Every structure is written in structure tokens, then in C-alpha cells.
**Student:** 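Pasting a structure below so you can have a look.
It should be emphasised that the depicted structure is a prediction, and the values quoted were computed from it without experimental measurement. Protein chains get the first letters and strands the later ones, always in sequence-line order, with residue 1 at the start of each.
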Amino acid sequence: MSTAPDAAVPLDDADRPSVPAKRIAIGDAADHVKHSAGQPVEIAGWLYNLRKSGKIVFPIVRDGTGLLQCVALKTALPEETFEALKHLTQESSLIVRGRLRAEARAAGGYELDVESVDILQHVSEEHPYPITPKDHGVDFLMDHRHLWLRSKRQHAAIRVRHEVIKSIRDYFDSNGFTLVDTPIFTPSACEGTSTLFEVDYFEDEKVYLTQSGQLYNEANAMAFGKVYCFGPTFRAEKSKTRRHLTEFWMVEPEMAYADLEDVKRVAEDLVVYIVGRVLENRKEELKTLERDTSRLETVAKPFPRMSYDEAVKILQSKGSEIQWGGDFGNTDETLLTEDFHRPVMVDRYPTEIKAFYFQPDERRPEVALGVDVIAPEGYGEIIGGGQRIHDLKLLEQRLDQHQLPREAFNWYLDLRRFGTVPHGGFGMGVERFVAWMCGLEHIRETIPYPRMLYRTRP
RNA sequence: UCCUCAGUAGCUCAACGGUAGAGCAUUCGGCUGUUAACCGAAGGGUUGUAGGUUCGAAUCCUACCUGAGGAGCCA
């Protein structure tokens, strides 16, 4: 379709309305009724569902901004128009014209009295739209993800995602951060731990899809002071859980002249800001998703803070098998947050289980100045970050300990040779955040086209 | 990679060793206020694949394929 959104669609003369109708979005229905009630309007959309009863038909139209019930009366319309509407199939594309009014009996509160209709495409009866208003299984829905996005719940989740992303950008843009994007093709592992997707790069060369922009972020922070990058990230781990994707979006701020406490302050501030924006601007979507928003309204500063040492003690007292030195499993994370209605910040993890670039605590080198923010309600780690090593000697030592090739990190070591300063930052996973906002069981519904262990289509 | 569970009509499921069935979707008919509308009728099947047990297998057994959930790893 090359038709521009506002272009007029050719009409048969018989159907041409006597008064030109103004194209409006369903989302603006309330506004229209308030200010221009009685004026003819047209809605360009798709048939969501249709109920009929003899001489009256109720087509429900969606246009991407909402759903609108229309009413077509046999007595008020030409025979062909009424019959065409009566037999219209799900997801057929159409433009309806008529008068809009408030109507308590219609879902959404507004209703359009149909005066004329253009049907752009009547979906064939031989191959009807596969997603019916009844229940479907996950496998079937995932195979039809390109169509599933038209459904109410999926639509709502993606709009919440949009709000989360926009508020992340707004937060950093209005707090002195510069967007400096980092490459997606990278020559080697950023952290040396997770598995990477390997890509053929012309003749003889291999590159990898980025698993974090952090190392480049550190260079950018030394150039701009406060920066963030925001893009897709790839992990070739064979994780098969409801919290994992192989391709996901991550925002990573990095600040020069910053320590662990600065990192914690920004992380907390950011989370509170996003939650506030979602609650303010996505009420309808959260309602569609049946999200209990009281669990989000309690998200305010300050977040409970604890050290890794304390967290281990709490977990042990709650019956966890965890020993000092181990990383938290998903059940551990849920246990840690169950007494709070806010995200929990845990800092000073064992240096052993953290990436090579984490700054060890001067007084206790066995712990690193890293912090994780764990979301409540079992949504797990949404933020991980901390203070980076700024001392050249120490960083070289850590590279050796991790058996990482010094040569590949030479440019990274330059950052410690030329005006090194304490600095830090974190990464926040967008999809886990959105899953938490929406109260979703599975992360796959938070991204339009999820890429998972055994699913790369559509 | 490991463990557990599931594949029956386009979809969601039932039938659990003895004639494969219902709801939705589709088609036809009825209904002027429906809310996943309702009522009546019709069409629609190599029960994931291959083998085995049995007089008889959707059902029991074996292997494989596909999917889901969990573990580990992580955001």
C-alpha cells in the first residue's frame, strides 16, 4: 500500500457523502465529541469484530489508536451497503463515515452512526483471519506474531514499551547526558563471559554482535562526561526461560567522575521516573493488561539498599541454599524482594563473580563496587552496573587474571593512560522493565518480534 | 546442555484399549441494542512422524521431530 494515511480513497458516486467527512483517530473520539459534535467524521481502520441482529449490525472498528463500536441500521442505509457490512469478515480493511456521539452502551463510551462505508479489502472466507476472539495457544500465537500484534493485549504491551523507551530518552536527555551510540559489530567479547553470536565479516574476518556497549561507553564518557547508548544487544546463551531473549534492548549510561553512590542515585532516579511516566500516560493500556497498579504506585525513593553480605544472610534465613561467593538464582531474587513494594538495590558483590573491569572496594578487595537493582514481584534483575577500574596497573592485572588478550584491549587501556578518572554506569534491560510494568508472565510479549532460543520467525 | 510436560478439525479442547466429538471460526437461515451476542442447520480429520504390542491403538511401548515450562547463565 502506497496510499498516504490522509489520502482520500476513491468512492463510487453513490457512496460519496454529501458533506466531506473529517478523518479522525479513534483515540481522539472524546475530543471530537466534546468540540465538534454532530460533524461528520471518517474512521480508517480494520474490522475487529462484528455483531449482528437482523436489521441492525454493530461493527467494531480498530485503527491502531483504539476500538470504536459502529451502528449500521438496515433502514438508514442502501441495501448493498448494509449487506456488505453484515457479511464483512474479521480484519477486513474499511473506511466508515458517519456521526460520532457518546453512547453508554458501547464499550469505550462512543459510537458511530454509519452513513457510508468503503471496503478496501474484504478478507476471504476461504482463508479467514486466523486469530479469532477465542483462546489460542502460545505456539500458534507466536507463529502469527505479525498478526497477534493487532490484538488488544499485545497492542497495549507495545504501547507501554514505547512509553518506557521514550521516558528513558527523556530522562537522560534532560539530565545532561549525550546519546553516543556504540557499535553492534564488535571485534571481541566485552566481558569475556557470555557467549557471542559470530558473524562473517567479508573475507577471513570474524566479528561478533555486541553483548554490551559498555567498553565504548567508557571511552565516550571520557569525551562527553555523561553519555548513554541505547540499542539492541545479543546473547548467544542457550537460556530457555520466560526472562530471556537472544536479542534484547538495553540502555547503558556511563558517567565520568562518578563513584558507586552516583551510579546508585541515577539508577534509582531513572526507575522512579519511568514508573511515574507509565502510570501517568498508559492508564488505559495497564487496565487492558489488568495490571494491579497499586504495586507500581509504591515505587518511590529511596529503594531498600543492602550489601551482598546482608543479602546472603537474609536469603539463608529464608531457607535459601546460597553460600557466600555464589550468584543469586531467580528464586533468590524473588525471596529478596518479597517483603518490599519497591525495587531492591544490592551492592558489593564478590569480585570473583563480576566482570574484570569492576572496581574492587579499597577496604575489602574481595568485593567489587557493583550494584544490581532487582525488581519486585519476581521480575528479577533489571539493572546491573557499578564503578569501573580507573587505575592502569590494576586493570592490566585484572585482564591477566581473566586471561584476556592485552592487545585487544589496548585502546581500552588508553582510557587509563590519558586522563583517567573514577567513573561508572549501568545497563538496564528494556524488556524486563516492560514485563514488570505490564505484569506480564513472559518477556516475549514485551518486544514486537521476540528472538529466542528456538524461535526466530516471523 | 540437562530435567519435566504436551502434540486430535483452521483455533481451543474432549474421547484414556472397542463407531473420533464439542465450542469458536467459515457457509446458509432467524433476530432493531449487541458486549468473546444469541438460536437453528451444513461442510470440515492419514489423531506430529516411523516402527512395535494387540483380534482391535488417538489411547500402551520405543525412537525421532516440534513446541512449552523449569535449571544453569544472564539484563
**Student:** Would you call A:K318 and A:D339 a salt bridge, taking side-chain N to carboxylate O under 4.0 Å as the test?
**Tutor:**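 A salt bridge links A:K318 with A:D339.
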**Student:** Apply ring-ring contact (aromatic ring centres under 6.0 Å, His included) to the pair A:F356 and A:F409, showing each step before the final yes or no.
**Tutor:** CA-CA 12 Å; A:F356 73 90; A:F409 290 90; 5.4 Å; yes
**Student:** Please determine whether a side-chain nitrogen or oxygen atom of A:R432 lies at a distance below 4.0 Å from atom OP1 or OP2 of B:rC74.
**Tutor:**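 For B:rC74, neither OP1 nor OP2 has a side-chain N or O of A:R432 closer than 4.0 Å.
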**Student:** Who does B:rG23 pair with, Watson-Crick or G-U, both distances under 3.5 Å?
**Tutor:**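 Paired with B:rG23, as far as the under-3.5 Å criterion goes, is B:rC11.
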**Student:** I'd like to know if A:R161 pairs up with A:E285 as an ion pair, taking the criterion as any Lys NZ or Arg NE/NH1/NH2 lying under 4.0 Å from an Asp or Glu carboxylate oxygen.
**Tutor:**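 No salt bridge links A:R161 with A:E285.
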**Student:** Closest nucleotide of RNA chain B for A:F58 versus for A:Y129: which of these residues is on the 5' side?
**Tutor:**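 Looking at RNA chain B, the more 5' nearest nucleotide goes with A:Y129.
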**Student:** Is A:D372 salt-bridged to A:K354, cutoff N-O under 4.0 Å?
**Tutor:**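 A salt bridge links A:D372 with A:K354.
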**Student:** Whom does B:rA58 pair with, Watson-Crick or G-U wobble, provided both distances fall under 3.5 Å?
**Tutor:**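 With both distances under 3.5 Å required, B:rA58 matches none.
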**Student:** At a heavy-atom distance below 4.0 Å, what parts of residues 372-390 of chain A sit against RNA chain B?
**Tutor:**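 Within this stretch, A:E381, A:I382, A:I383 sit under 4.0 Å of the strand.
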**Student:** When both hydrogen-bonding distances must be under 3.5 Å and the geometry is Watson-Crick or G-U wobble, what is B:rC16 paired with, if anything?
**Tutor:**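 Check on B:rC16: unpaired, no WC or wobble geometry under 3.5 Å.
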**Student:** In whole Å, what is the span from the CG atom of A:L67 to the P atom of B:rU34?
**Tutor:**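 Rounded to whole Å, this separation is 19 Å.
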**Student:** In plain terms, say whether A:R457 and A:D143 are close enough for a salt bridge, that is, a side-chain N and a carboxylate O under 4.0 Å apart.
**Tutor:**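 Salt bridge between A:R457 and A:D143, a charged N being under 4.0 Å from a carboxylate O: no.
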**Student:** Searching all strands shown, indicate the nucleotide that pairs with B:rG43 (Watson-Crick or G-U wobble; both distances under 3.5 Å).
**Tutor:**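 B:rG43 is unpaired by these criteria.
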**Student:** Whole angstrom is fine here: how far is it from CD in A:Q214 over to C1' in B:rC74?
**Tutor:**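 Taking atom C1' of B:rC74 as the reference, CD of A:Q214 is at 15 Å.
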**Student:** Mind checking if A:T75 touches a base, just sugar-phosphate, or nothing, with heavy atoms under 4.0 Å?
**Tutor:**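 Answer is base: heavy atoms of A:T75 come under 4.0 Å of a base.
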**Student:** When you compare B:rA63 with B:rG72, how far apart are their C1' atoms, in angstrom units rounded to a whole number?
**Tutor:**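 B:rA63 and B:rG72 have their C1' atoms separated by 28 Å.
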**Student:** Paired with B:rU53: which nucleotide, if any, by Watson-Crick or G-U wobble criteria at under 3.5 Å for both distances?
**Tutor:**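 Here B:rU53 is not engaged in any pair, so there is no nucleotide opposite it.
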**Student:** Taking only the side-chain nitrogens and oxygens of A:R444, find out if one of them lies under 4.0 Å from OP1 or OP2 of B:rG69.
**Tutor:**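 Result: yes.
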**Student:** In this structure, how many angstroms lie between the P atom of B:rU1 and the NZ atom of A:K240, rounded?
**Tutor:**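 It works out to 12 Å between those atoms.
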**Student:** Name all residues meeting the ring-ring contact (aromatic ring centres under 6.0 Å, His included) criterion together with A:Y454; count only those two or more places apart in sequence or in a different chain, and write none if there are none.
**Tutor:**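 ring-ring contact (aromatic ring centres under 6.0 Å, His included) list for A:Y454, sorted by chain: empty.
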**Student:** Name the residue closer to the 5' end of RNA chain B, choosing between A:N49 and A:L88 according to the nucleotide with the nearest heavy atom.
**Tutor:**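 Nearest nucleotide further toward 5': that of A:L88.
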**Student:** Do A:R51 and B:rC31 share a donor-acceptor pair, side chain to base, under 3.5 Å?
**Tutor:**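 Counting by modelled atom types and ignoring angles, no donor-acceptor contact under 3.5 Å is found here.
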**Student:** Quote, to the nearest angstrom, the P distance that separates B:rG18 from B:rA36.
**Tutor:**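 Going atom to atom, P in each nucleotide, I get 39 Å.
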**Student:** Would you please indicate yes or no on a ring centroid separation below 6.0 angstrom for A:F172 and A:Y273?
**Tutor:**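 That pair fails the under 6.0 Å test.
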**Student:** Quick test of your reading of the model: are A:R348 and A:D309 salt-bridged, counting only N-O distances below 4.0 Å?
**Tutor:**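 The answer is no: the pair does not qualify as a salt bridge.
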**Student:** Taking A:T456's backbone N and O only, do any of them form a donor-acceptor pair with A:R451's side chain (distance below 3.5 Å, no angle check)?
**Tutor:**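 Answer holds: yes.
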**Student:** So what does A:H127 hit on the nucleic acid, given a heavy-atom distance under 4.0 Å: a base, only sugar-phosphate, or nothing?
**Tutor:**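 Answer is nothing: A:H127 stays at 4.0 Å or more from every strand.
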**Student:** How far does the C1' atom of B:rU12 sit from the matching atom of B:rU49, given to the nearest Å?
**Tutor:**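 Taking atom C1' in both B:rU12 and B:rU49, they lie 24 Å apart.
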**Student:** Quantified in whole Å, what is the P atom distance between nucleotide B:rG48 and nucleotide B:rA20?
**Tutor:**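 After rounding to an integer number of Å, I get 15 Å for this pair.
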**Student:** Could you go through the ring-ring contact (aromatic ring centres under 6.0 Å, His included) check for A:Y308 and A:F328 one step at a time?
**Tutor:** CA-CA 10 Å; A:Y308 172 86; A:F328 305 137; 5.4 Å; yes
**Student:** Going by centres under 5.5 angstrom and planes under 30 degrees, do the aromatic ring of A:F248 and the base ring of B:rA75 stack?
**Tutor:**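 Ring-base stacking flag set for A:F248 and B:rA75.
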**Student:** Nearest to the side chain of A:S239 - B:rC73, B:rG67, B:rU1?
**Tutor:**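 Output: B:rC73.
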**Student:** Taking the P atom of each, how far is B:rC31 from B:rC13, in whole Å?
**Tutor:**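 That atom pair is separated by 36 Å.
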**Student:** Sort out the partner of B:rU34 for me: Watson-Crick or G-U wobble, both distances under 3.5 Å, none otherwise.
**Tutor:**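 For B:rU34, the partner nucleotide comes out as none, under the 3.5 Å rule.
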**Student:** Can you tell me how far C1' in B:rG43 sits from the matching atom in B:rG21, rounded to whole Å?
**Tutor:**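 16 Å, rounded to whole Å.
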**Student:** Could you measure between the two P atoms, the one in B:rU54 and the one in B:rU8, and give it in whole Å?
**Tutor:**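 The answer is 28 Å between these two P atoms.
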**Student:** Keeping the roles fixed (side chain from A:T351, backbone from A:P365), state whether a donor-acceptor pair exists under 3.5 Å.
**Tutor:**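 Pair found, side chain donor or acceptor close to backbone of A:P365.
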**Student:** What protein N or O atoms touch nucleotides 4-12 of chain B N or O atoms at under 3.5 angstrom, if any, and at what distances?
**Tutor:**
| unit_1 | atom_1 | unit_2 | atom_2 | d |
| --- | --- | --- | --- | --- |
| B:rC11 | O2' | A:D135 | O | 3.3 |
| B:rC11 | O2' | A:H136 | ND1 | 2.4 |
| B:rU12 | OP1 | A:G137 | N | 2.9 |
| B:rU12 | O4' | A:D135 | O | 3.3 |

**Student:** With both distances under 3.5 angstrom, what nucleotide forms a Watson-Crick or G-U wobble pair with B:rU4?
**Tutor:**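 B:rA68 - that is the nucleotide pairing with B:rU4, both distances being under 3.5 Å.
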**Student:** Does any donor-acceptor pair link the side chain of A:E126 with the base of B:rU26 at a separation under 3.5 Å?
**Tutor:**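 Such a pair does not exist between side chain and base.
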